[in-house]
Amino acid sequence: MVNAIKGLFISCDIPMAQFIVNMNASMPASEKFIVHILDPTHMFIQPNMGDYIKSKMAEFRDQNSYEKPT
């Protein structure tokens with residue numbers, strides 16, 4: 001019998017994938033969202049976590065962006 005799970009497919013570069021994996025590892029067991037890691041740049045996650053991951057990635061990029069002083 002086949003078990004099907006609804007999810008969201010993510011394709012990204014290796015550093016961003018590691019950021020997502022680390023974010024998942026820091027959550028309690030009941031809130032982990034990665035369903036399956038397919039390879040270093042692709043993963044399958046719970047569909048309700050897409051917006052959460054986008055917002056955390058945007059925060060991460062903003063914190064690590066250089067702004068030239070005026």
Side-chain angles (χ1 to χ4, degrees):
M1 180 190 249
V2 175
N3 290 331
I5 299 173
K6 219 180 228 190
L8 184 66
F9 178 75
I10 293 182
S11 177
C12 57
D13 61 358
I14 293 174
M16 194 53 68
Q18 286 301 311
F19 174 74
I20 295 169
V21 168
N22 187 33
M23 188 170 53
N24 184 63
S26 68
M27 298 185 110
S30 62
E31 296 179 14
K32 293 193 186 264
F33 53 83
I34 295 179
V35 175
H36 190 72
I37 297 175
L38 303 168
D39 64 32
T41 60
H42 300 95
M43 62 185 73
F44 194 62
I45 65 163
Q46 295 176 359
N48 59 334
M49 296 302 285
D51 291 332
Y52 174 75
I53 292 172
K54 282 182 187 177
S55 68
K56 288 294 185 182
M57 286 172 32
E59 286 177 22
F60 179 71
R61 273 188 263 121
D62 291 343
Q63 290 173 353
N64 292 307
S65 295
Y66 175 75
E67 291 182 20
K68 186 176 178 179
T70 55

Under a plain distance cut-off of 3.5 Å, with no hydrogens placed, do Ser26 and Asn24 share a side-chain donor-acceptor pair?
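Not at all, the side chains of Asn24 and Ser26 share no donor-acceptor pair under 3.5 Å.
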Determine the interplanar angle of the Phe33 and Tyr52 rings, folded into 0 to 90°, and report it as parallel if under 30°, tilted if 30 to 60°, perpendicular if over 60°.
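Taking Tyr52 first and then Phe33, their aromatic rings stand perpendicular (interplane angle over 60°).
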So, taking the atom named [atom1] in [X] and the one named [atom2] in [Y], what distance separates them when rounded to the nearest 0.5 Å?
X	Y	atom1	atom2	answer
Lys56	Met23	NZ	CE	7.5 Å
Met49	Lys32	CE	NZ	11.5 Å
Ile34	Ile10	CD1	CD1	8.0 Å
Leu8	Ile45	CG	CD1	4.5 Å

Please find the pair of heavy atoms, one from Pro47 and one from Gly7, that lie closest to each other, and give the distance.
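Heavy atoms only, the tightest pair is CD-CA, 3.7 Å.
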Would Ile20 and Met57 satisfy side chain to side chain contact (heavy atoms under 4.5 Å, CB included), going step by step from the backbone distance to the final call?
CA-CA 8 Å; Ile20 295 169; Met57 286 172 32; 4.1 Å; yes
For the pair Gln46 and Val35, evaluate side chain to side chain contact (heavy atoms under 4.5 Å, CB included) and give the outcome as yes or no after the intermediate values.
CA-CA 6 Å; Gln46 295 176 359; Val35 175; 4.1 Å; yes
Evaluate the criterion side chain to side chain contact (heavy atoms under 4.5 Å, CB included) for residue pair Phe44 and Ile37; output intermediate values, then yes/no.
CA-CA 6 Å; Phe44 194 62; Ile37 297 175; over 6 Å; no
Looking at Asp62, I want to see if its CG is surrounded by more than 12 non-hydrogen atoms of other residues, nucleotides or ligands under 6.0 Å.
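Yes - once you tally the heavy atoms of other residues, nucleotides and ligands closer than 6.0 Å, there are more than 12.
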With a 4.5 Å cut-off on side-chain heavy-atom distances among I, L, V, M, F, W and Y, is there a chain of contacts connecting Val21 to Phe60?
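Yes, it is one cluster - the side chains of Val21 and Phe60 are joined through contacts under 4.5 Å.
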